[in-house]
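One structure below.
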Amino acid sequence: MPVTVVVGAQFGDEAKGKITDFLAANARYVVRTGGGPNAGHSIQIGEEKTVLHQLACGVLRPGLVGVSGPGMSLDPFALEEEILELDRRHLLKGEVLISDRAHLILPLHRIEDAWEEELRAKQPGGKAMGTTLRGIGPSYADRYGRWGLRVVDLTRPALLSSRLSMLYVRKAHLPGLPPQEELRANLSELGSRLAPRIASTEPLLWEAIRRGEVVLLEGAQSALLDVDYGTYPYVTSSHPTAAGALMGSGIPPSDLDEVVGVLKAYSTRVGEGPYPTEGSASEQEYLREGGGERGATTGRPRRCGWLDLVLLRYASRLNGFTSLAVTKVDVLGGLDEVPVGVGYEDPSGARVDWPPTVAEEFDSLRPVYRRLPGWPELTTRLKARIEREGVHALPSTLRRYLDYVTENTGVPVEWLSYGPRREETLWLGRGATAQASRGLENWAA
Ligand code: IMP
């Protein structure tokens, strides 16, 4: 598996960080390919929990290189703080590389993010999008509008100065901008400190692939938040899909071997936007408490609900998943039945098996559920047995649930996460789920 991409199959927060960290044990490079400080990838090593925002999880393992890749929008001040904090906690075991092509999120972008959210909310019938307020949207807009500053500019004082001046002209309508000269000086000093970690990362990755080393592409956010293929406009501003991961790393499609889609056994969403299988108030409370479902970046309570197979099949098709990783199955342990959204019905009662292009049109669709038998609570004892004996120790109803996911996507469930610790991850093998059939024959006909 020289090049493997790990992407979210739902609305983000599927525990991609944990799965990537697990797979990273065999890798040489781990590359974050998009997004920026809007992400929060939680990893628990022993009892110590850490959340990575702008660094790839490769930085946590000795001998690995964690690349903050070209497709990212990076807040350079927060990035430096993240590196220092990991170092202080003695968790920085790998090397950190920052792509010279990644774009910068400046304080102006955060101000603009908040300003835009307020503007949306003030319009008649309008509402805020519920962004993370980290400046993501404005930074990507500037990238495509060709106003952006890139990491490389931090190391080119004359360029930094002229590009910043241009940006200040462009943003003159915004309130409360920091003094330009002060920001320039701070960025320039920061550039000198970060310079040893800044590199043209594409040639390093191409060379690593040529040598047969494993490169992992760590996607952030998820398919349903993709700016083009997600529930627009309730999306992020990057392409958190397998194709986007290639663009965001500079690796060509012909080098890609595996695409791992990560999903929770249930689902969550943060911020506004369609969510057909959102649970009732009590169901949400149950899942939120059991799963600790609060934003790793913003601390906002997440909306919670059930697995939606319509969206999962869509995400599978879009990303070409070659395997799935199902996480947080322990959270559902002890339920008699586990609801799964298998389709939608429109107001006439007709079955809909495909997500609409228009976000508002989700409102008229009613999810159709199938209730699968639940599995027992995963007690410490049972978890220890699973750790020792592997797939054979899994409750049969849990295995049936995983089979059901495979049957309905055509993609084998190859990884299972049954607790927050690194060790509570199980490789099931490609043939472990019944009818694992790479491809989508089971449902596409
Ligand atoms: P932005 O990416 O901050 O612009 O936010 C746009 C939408 O994407 C909001 O609904 C956010 O809550 C959501 N979002 C952004 N990053 C993440 C993430 O890492 N996990 C889950 N939702 C996210």
Side-chain angles (χ1 to χ4, degrees), residues 3-14 16-17 19-20 23 29-41 52-58 66-74 98-99 101-103 105 131-132 134 136-145 148 150-151 201-202 205-206 209 215-263 273 311-312 314-325 355 357 411:
V3 181
T4 296
V5 51
V6 181
V7 277
Q10 295 166 316
F11 294 108
D13 309 316
E14 299 91 351
K16 291 178 290 295
I19 297 296
T20 315
L23 296 176
Y29 285 89
V30 183
V31 190
R32 277 280 313 276
T33 56
N38 52 348
H41 290 185
L52 298 178
H53 296 284
Q54 305 192 82
L55 294 172
C57 71
V67 178
S68 299
M72 293 188 75
S73 273
L74 295 168
I98 307 164
S99 163
R101 291 182 190 274
H103 273 246
I105 297 180
T131 74
T132 59
R134 297 299 191 268
I136 297 291
S139 161
Y140 276 100
D142 281 347
R143 173 189 295 242
Y144 292 107
R150 299 186 299 172
V151 167
T201 52
E202 309 83 85
L205 299 176
W206 298 333
I209 293 166
V215 175
L216 270 184
L217 306 184
E218 178 180 3
Q221 291 80 45
S222 78
L224 277 316
L225 292 177
D226 182 279
V227 65
D228 282 331
Y229 299 103
T231 53
Y232 191 87
Y234 304 101
V235 291
T236 190
S237 298
S238 61
H239 288 294
T241 50
L246 295 174
M247 287 303 298
S249 60
I251 293 177
S254 49
D255 279 334
L256 182 59
D257 297 281
E258 300 284 343
V259 184
V260 182
V262 186
L263 59 132
L311 295 182
L312 182 60
Y314 173 69
S316 298
R317 192 67 195 86
L318 189 63
N319 288 285
F321 294 145
T322 56
S323 61
L324 296 175
T357 304
V411 187

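Note that the structure is predicted; figures quoted are calculated from it, not measured. Along the sequence shown, residues are numbered consecutively beginning with 1.
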- Atom OH in Tyr140, atom NE2 in His239: separation rounded to 0.5 Å? 9.5 Å
- Query: What's the shortest heavy-atom distance between Thr33 and Ala245, and which atoms?
  - Reply: CG2-O, 3.4 Å
- Can you check whether Leu216 reaches Val31 side chain to side chain, under 4.5 Å on heavy atoms? no
- Message: Could you report the tightest heavy-atom contact between Val259 and Ala242, atom names first, then the distance?
- Response: CG1-CB, 3.9 Å
- Exam field: side chain Lys16 to backbone Gln221, donor-acceptor pair closer than 3.5 Å: yes
- Which residues share a salt bridge (charged side-chain N to carboxylate O under 4.0 Å, His left out) with Asp226, sequence neighbours left out: none
- Message: Is there a side-chain contact between His41 and Cys57 in this structure, where contact means two heavy atoms from C-beta onward sitting under 4.5 Å apart?
- Response: no
- Got Leu311 and Phe11 here, is their nearest side-chain heavy-atom distance under 4.5 Å? yes
- Side chains of Tyr29 and Val67: does their closest heavy-atom pair fall under 4.5 Å? yes
- Query: Can you tell me how far OG1 of Thr132 sits from NE2 of His53, rounded to the nearest 0.5 angstrom?
  - Reply: 10.5 Å
- Message: Using only atom types and a distance under 3.5 Å, with no angle test, would you say the side chain of Tyr314 pairs donor to acceptor with the backbone of Gly230?
- Response: no
- Between Thr4 and Leu217, is any pair of side-chain heavy atoms under 4.5 Å apart? no
- Do side-chain atoms of Asp255 reach the backbone of Ile251 as a donor and acceptor pair under 3.5 angstrom? no
- Message: With a 3.5 Å distance limit and no angle check, can you tell me whether Asp257 reaches the backbone of Val3 through a side-chain donor-acceptor pair?
- Response: yes
- Message: Testing the basics here: between Ala220 and Gly34, what is the closest heavy-atom pair and its distance to 0.1 Å?
- Response: CB-O, 4.0 Å
- Would a 4.5 Å heavy-atom cut-off, applied to side chains only, mark Ser68 and Leu74 as touching? yes
- Task: Could you tell me whether the side chain of Trp206 and the main chain of Gly250 form a donor-acceptor pair under 3.5 Å?
- Result: yes
- Can you name the closest pair of heavy atoms from Ser249 and Pro70 and give their distance? CA-CD, 4.0 Å
- At their closest point, which heavy atom of Val260 faces which heavy atom of Ala325, and how far apart are they? CG1-CB, 4.2 Å
- Measuring from Ile98:CD1 to Thr201:OG1, what's the distance to the nearest 0.5 Å? 10.5 Å
- Task: Run the numbers on Thr241 and Val7 for side-chain contact (heavy atoms from CB on, under 4.5 Å), then give the verdict.
- Result: CA-CA 6 Å; Thr241 50; Val7 277; 5.6 Å; no
- Query: For the atom pair CZ (Arg32) and CE (Met72), what is the distance rounded to the nearest 0.5 Å?
  - Reply: 3.5 Å
- Query: Atom CZ in Arg143, atom NE2 in His103: separation rounded to 0.5 Å?
  - Reply: 4.5 Å
- Message: Among residues at least two apart in sequence or on other chains, which ones pass side-chain contact (heavy atoms from CB on, under 4.5 Å) with Ser222?
- Response: Glu14, Leu224, Leu225
- Only residue of Ser139, Ser238, Ser237 satisfying side chain to side chain donor-acceptor pair (under 3.5 Å) with Ser73 is Ser139
- With a 4.5 Å heavy-atom cut-off, do Val6 and Glu218 have their side chains touching? no
- Item | Beyond-backbone contact of Ile105 with Ile136, side-chain heavy atoms, under 4.5 angstrom | yes
- Task: To the nearest 0.5 angstrom, please state how far the OG1 atom of Thr322 sits from the CD atom of Glu258.
- Result: 4.0 Å
